[in-house]
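Taking it in order: structure first as structure tokens, then the write-up.
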Amino acid sequence: MSEAKVRQSYRPVEMERRWQRRWAEAGIYETDQDTAKPKHYALTMLPYPSGDLHVGHWYAMTPSDTRARYMRMRGHRVFFPIGFDAFGLPAENAAIKRGIHPYKWTMSNIENMRGQLRQMGTMFDFDAEVVTCDPEYYKWNQWFFLKFYEKGLAYRKQAPVDWCPSCNTTLAREQVVGPERLCERCDTPVVKKNLWQWLFKITDYAEELLDFSKIDWPERVETLQRNWIGRSEGAELVFEVEGYGPVEVFTTRPDTVFGATFFVMSPEHPAVEKITAPEREAEVRSYVERAARMSEIDRADATREKTGVFTGAHAVNPATGERIPIYIADYVLMGYGTGAIMAVPAHDERDFEFARKHGIEIRTVVAPPGWEGEPLQEAYVGEGTMVNSGRFDGMPSGRAREEITSWLQERGRGRPAVTYRLRDWLISRQRYWGTPIPIIYCEKCGTVPVPEEDLPVLLPEDAEFMPTGVSPLKLNEEFRNVECPRCGGPAERETDTMDTFVDSSWYQYRYLSPHYDEGPFDPEAGDRWLPVDQYTGGVEHATMHLLYTRFWTKVMRDLGLVDFDEPMLRLFNQGVILGPDGNRMSKSRGNVVTPQEYVDRYGSDVLRCYLMFIGPWDQGGPWDGKGVEGVARFLRRAYSMAVEGFASDAGADPDELERRTHRTIKKVTQDLENFRFNTAIAALMEQSNYLMAVRNRVDEERWSEALRQFILLLAPFAPHHAEEMWAAIGGKFSVHTQNWPEWDESLVAVEEIELVVQVNGKVRDQIKVPTDVSEAAAKELAMQSEKVARQLEGRSVRKVIYVPGRIINFVAG
RNA sequence: GGGGGCGUAGCCCAACCGGCAGAGGCAGCGGACUUAAAAUCCGUACAGUGUGGGUUCGAAUCCCACCGCCCCUACCA
């Protein structure tokens, strides 16, 4: 075919559509169940069905697909499923704003996205698709909930939530707007309210979740999770509160207890009401109310001045026996430790600030080095020698921590303790579009779980999800009113739904058998595929989804459902693709790139390759529309090379061609192993350029072989182009079921290299030497160089540094 | 306040275990093709690696300090 004809014949969009059809007909992406091959479960985080795939989806999914394709060509049976995280707020908001039912909105989005996913040219096995808002799926959320409940891992308690007093409803975090913390719908200031909520006891697994020895995850994610779990060692000490009883505090510094000159409770602490002196009541109550209005985020603002009020009550320091005043202050959080602290102003920055403001004694009990009894100008938080601490004076503070703890323990006033920052997972959402919590409240029997055989508790389709101010299911009498499964009497259903992170905590298991109805997944399929070998997704999920799914798997293990400890063995975090202006893409910034316009113009392969080429995958980066051209040229050139074929034989070095081929195979293979798609594509471009250059100058047979290998290497990146090219050179359908090429190490090495000759670190000459030249020979050859000889004249060579294949350096004096 | 990442050509990015700063691409420039342009093809210039020190025969790479940008996290007792 002539070049002109090729140019005319290159219609990537049409070509891609043709192959997509063919692939579907031939079913080449149906999951290979041949257990003779090693398994590879590749997983990319499932998308939320927002309506259209955006560039971010492409950036996350297509490299993941490339890697899965590569593994397949490497001889693995690969399972690479996809699904939709279909419950959640946007669907409900669309319903409220536009009157479309969430189900309809979600399903039509999914339908749309399915088509776009196919267009992407991925090898997703759509037979394994999971849609989490499907009762077939969420039934198992409920089933798990019951199992968790049986094991005591699901429990109900009062927990603070954001509450809009005007709409009379709880709000999700993203519905609370701005630093003023206003309700998104009516601009009313949001308050904290204690409501009955369901929680999962993830804290039971805190210690095990700190063990990362069984997974190969990015250091960064491990650190994030470790910090999030926040294990601290210390002691729980008991302070007697006058007229109330003992109150426990947690401290990491029991050594400083002799310096505890006051005591602080969180405004929410249950004891506050009972201990407040009558003359203080008004002040205390107003402070508590003010604190309640503040969000946790505002309260966590450490730069804010430390506020608080005296309750009029006193506690007894268990070490000194002194009476110390009890304050309430919002810098003490109910959610951490016991919600009360012993305040040691001399050795804690926050307590120091508070004590100064309230004129409380600041007593040094750990002497800083060189301290001579002068008042501290700031809190000293380091180690030192004990002072003002009775019998412990003179002891190093580290040792005093243990000794004081056991001393108090002997007197029944304390014990060593470990506290975690991690809190239990609050799963209740006062929302319609989620999984109903399978619980029934009966006046007589109390809290009754829905019997397993009654699952799923269906989400009623005709619910009133308009903004009426109450949890939508609460208004649905038909849903809410039930017979108690235990006594048959009148009862009410729980009307909250589950957090959508529940859905994504175990979806990787459901993929294995999405229609299996005897359990969350078919154990036989589980044996064949679990656990996930390679997971890819954004690092923003480090302390949410990625922690929850680890927790979930450990519970599943304890339920006997799986026999391993970790859900995903290997994780890779891709970066974020930014808008052309270098900012995060967002509609309000107007910098959103629509993949469709590029797909329509260049085809999917170009977009895929461009996104992989733009830079290291974990780095992300700004979108550059101009850069796409280069990749488009590359693929078109590659295509035309295959279609036109060999030109003529005119004497280029066929061995060099072969060496380059093997070098390319090695480079691309190693880069794919390490998720370095950008340099792999650069290597393919280089090879393509070379193939083009020698197309009419080398032995035809060997050129064709080199081209064949090139196409195979290209296949995971540009599946459509490679398929077309494969067909053009007479390859058997499909290129994607071929074996990945292997390289011959002996052919990778170049034959002759340019050895750099330096004198005292400065480059003086380059000489051609055989690759395997010995040091002595290299030295000899280098000395023969005129330029080098000139430099060495009159000097003696003190040292020769020889790096094979690189340089030879004469150190001369 | 704490933790992490990144600064290399006009731009996106390469550079293994320290060894000639350049693989690939964009844009630029020159040529071929064209009546002309686009497209295409061929060919090319461009930085001494954010700044300042240090280690070394030799530093983009290792160490120290600083500057800039980004991300995460934050009163955790």
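Convention: sequence-line order gives letters A, B, ...; per-chain numbering from 1. A quick note: this is a predicted structure, and the numbers were derived from the prediction, not measured.
Nearest to the side-chain atoms of A/Gln758 among the listed nucleotides B/C75, B/U73, B/G19 stands B/G19. The side chain of A/Leu224 sits closest to B/C72 out of B/C72, B/A77, B/C41. For A/Arg220, whose side chain is taken as the heavy atoms from C-beta onward, the closest listed nucleotide among B/C75, B/G4, B/C57 is B/G4. Taking every side-chain heavy atom of A/Thr252 into account, B/A77 is the closest of B/C75, B/A14, B/A77.
Taking side-chain N and O atoms only, A/Arg633 has no distance below 4.0 Å to OP1 or OP2 of B/A39. For the pair A/Ser232 and B/A77, the criterion of a side-chain N or O lying under 4.0 Å from OP1 or OP2 is met. For A/Asn227, no side-chain nitrogen or oxygen approaches OP1 or OP2 of B/C76 to under 4.0 Å.
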Without placing hydrogens or testing angles, list every side-chain donor-acceptor pair under 3.5 Å for residues 619-633 of chain A, not counting sequence neighbours.
| residue | atom | partner | partner atom | Å |
| --- | --- | --- | --- | --- |
| A/Trp623 | NE1 | A/Tyr598 | OH | 3.3 |
| A/Asp624 | OD1 | A/Lys626 | N | 3.0 |
| A/Glu629 | OE2 | A/Tyr602 | OH | 2.8 |

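Among the protein residues, A/Asp351 comes within range of no part of the nucleic acid, since none of its heavy atoms lies under 4.0 Å from any strand. Within the 4.0 angstrom heavy-atom criterion, only backbone atoms of the sugar-phosphate kind lie near A/Arg637; the bases stay farther away.
Cation-pi geometry between A/Arg350 and A/Tyr331 is not met at under 6.0 angstrom from the ring centre and within 45 degrees of the axis. Seen from the ring of A/Trp228, A/Arg421 counts as a face-on cation partner, given the 6.0 Å and 45° thresholds.
Between A/Phe677 and A/Phe717, the two ring planes are perpendicular [angle over 60°; tilted spans 30° to 60°]. By the 30° and 60° cut-offs, the orientation of the rings of A/Phe675 relative to A/Phe572 is parallel.
Looking at A/Arg226 and A/Glu222, a side-chain N of the basic residue comes within less than 4.0 Å of a carboxylate O on the acidic one, giving a salt bridge.
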Between the protein and nucleotides 9-12 of chain B, list every N/O to N/O distance that falls short of 3.5 Å.
| residue | atom | partner | partner atom | Å |
| --- | --- | --- | --- | --- |
| B/C12 | O2' | A/Ile614 | O | 2.9 |

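A centroid separation of less than 6.0 Å is found between the aromatic rings of A/Tyr10 and A/His721.
Residues of residues 671-687 of chain A having a heavy atom closer than 4.0 Å to RNA chain B, listed by number: A/Asn678, A/Thr679, A/Ala682, A/Met685, A/Glu686.
Sequence order on RNA chain B of the closest nucleotides to A/Lys626 and A/Val539 puts A/Lys626 first from the 5' end. The residue among A/Gly630 and A/Asp348 whose nearest nucleotide of RNA chain B lies closer to the 5′ end is A/Gly630.
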